[in-house]
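Here the structure is a predicted model, which is why all the values come from computation and not from measurement. If you read the sequence from its start, that first residue is 1, and numbering goes on from there. Atoms within a ligand are numbered from 1 in the order they appear, just like the ligands themselves.
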Amino acid sequence: MSDSIHIAVVGSGYVGLVAAVCFAEMGHSVVCVDNDQKKVSALQAGESLIHEKYLPELLQRYRNARVRFTTDLSAATREAQAIFIAVGTPQSETGDADLSYVEAVASEIARSITTYKVIAEKSTVPVYTNEWIRRVMERNGVSREMFDVVSNPEFLREGTAVADFLHPDRIVVGTDSDRAAEIMSKIYEPLTTGRYYAKAGAIDGSCNHDTPPPLLRTSTKSAEIIKHASNAFLALKISFINAVSNLCEAADADVEQVAQGMGLDNRIGPRFLRPGIGYGGSCFPKDVAAFRSVAEQLGVNFALLTEVENINADQKRRFLSKVRSALWTLRGKKLGVLGLAFKGGTDDIRDSPAIDLVRMLIEEGCSIRAFDPAAMQRAQQILPEGPEIQYASDPYDASNDVDALLILTDWSEFARLDLQRLSAAMRFPIILDGRNLYDPELMLENEITYFSVGRPTRHHTEELAAVASRSR
Ligand code: UGA
């Protein structure tokens, strides 16, 4: 295709791998670079490595053709017009983002550059990172006219990453260079013109030919702040509704009704107002901390972010107290757990509130029977099977003979369980739902004692009395 651009994507994690196959889906020619030879070999062989909808199909379609995988960053740099840096920016001990991988990649690009390149940061990075990349390039002897650094933050969510990438709400291109902006516009042209959505077999999502996503051009620093501020704002929305859910519990109101009433206000909107056991994952916890740290370094008081973090940490402790108040004592109790991933639709357990809660419950002397549709293999690596935790084959198996069942991840399949079957499997029909997946009335009809977040509890008092008096 004549409009095809040669792209290198450095990093084959959630963002890099998804970006690589999606750029290929948009018609570009892509080299995806990772320094982990094992990962590269697996990707070459068509293993997608992460649980992500549409990824296996796209990988199958484009691997070793429109997307090639390699460890050779120098060769990839030489042939690419644009290089996207999508390596990890883990949290350092102080809360800052650790940018050593970004720096290492920039230095290596500098050593291999022979013609003009656009270097686009896709990793979530603090403001001023583009300046640092520029300085690293210059220190390594690359002259200013040989490259431009662009901030092109990515807003995809795990679990819906491919559809989010191809159907973004907006594309942000932060650059002060018209030359770089033009190349970035060409790269995203299949989306911004709507051409991609008219293509047969295009992946479905919220955009279509007549409502393509806008491309917003900003300064590099603004683009860097847009990414951190967006994630921090979404985390704030979740902490806000979680705090409201605590208020609802105290006032005997229903947070789902409150969230619905708030969300109908166009200025607020209904999304990211789902209360629960707190946000987790590899982005929100790290990005809120990094943004707080950036504010501190720039001498700006942003204590609001500390409160967002406090509410989030508290939400797990509150859920633990709820389990305790449902079961009285925790030592020796056998609990079924549905969900280990940090959210439904992914096998990612990084900073998962579900894993944190399982650990807290084990610490309290409980034994766990856990099930997750995708994350059990990863969970077993950090919580190996033993007397404290066993892994079940399905939700009913996880409920077998348990004192109570806990729902900790919002997998859609957990919202459609056969409640009679669950209830029959459990020793006591008590469900503590940290994700509000069920209507409390339905639980009552099925004679299940149901605790959820921010809603009045439906008690079956006999059940509670029985479990409390049971001595082991
Ligand atoms: C988040 C952002 O939503 C993406 O826009 C961003 O690109 C990404 O971080 C990133 O920086 O890479 P992600 O972490 O994949 O995406 O998942 P989310 O769907 O945002 O969920 C994050 C956490 O918040 C999960 O633990 C989820 O269960 C929780 N959550 C989300 C709630 O508790 N309530 C809600 O209403 C929404």
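- The distance from atom CG of Leu330 to atom CZ of Arg324, rounded to the nearest 0.5 Å, is 5.5 Å.
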Ligand 1 N/O to protein N/O, distances under 3.5 Å:
unit_1	atom_1	unit_2	atom_2	d
ligand 1	5 (O)	Phe155	O	2.8
ligand 1	7 (O)	Glu154	O	3.4
ligand 1	7 (O)	Phe155	O	3.2
ligand 1	7 (O)	Leu156	N	3.3
ligand 1	7 (O)	Leu156	O	2.7
ligand 1	7 (O)	Lys227	NZ	3.0
ligand 1	11 (O)	Lys227	NZ	2.7
ligand 1	11 (O)	Asn231	ND2	2.7
ligand 1	15 (O)	Glu158	N	2.7
ligand 1	17 (O)	Lys343	NZ	3.2
ligand 1	19 (O)	Lys343	NZ	2.8
ligand 1	26 (O)	Gly280	N	2.9
ligand 1	26 (O)	Phe342	O	2.9
ligand 1	28 (O)	Arg435	NH1	2.8
ligand 1	34 (N)	Arg274	O	2.9
ligand 1	36 (O)	Leu273	N	3.4
ligand 1	36 (O)	Arg274	N	2.9

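- With ring centers used as reference points, His167 lies under 6.0 Å from Tyr197.
- Two residues are said to be in side-chain contact when any heavy atoms from C-beta on lie closer than 4.5 Å; Glu52 and Glu158 meet this criterion.
- Counted by atom type alone, Ser151 and Lys227 present zero donor-acceptor pairs between their side chains at under 3.5 Å.
- For the ring pair (Phe, Tyr, Trp, His ring centres under 6.0 Å) test, no residue two or more places apart in sequence or in another chain qualifies with Phe155.
- Side chain to side chain, Tyr128 and Glu224 fail the donor-acceptor criterion of an N or O pair below 3.5 Å.
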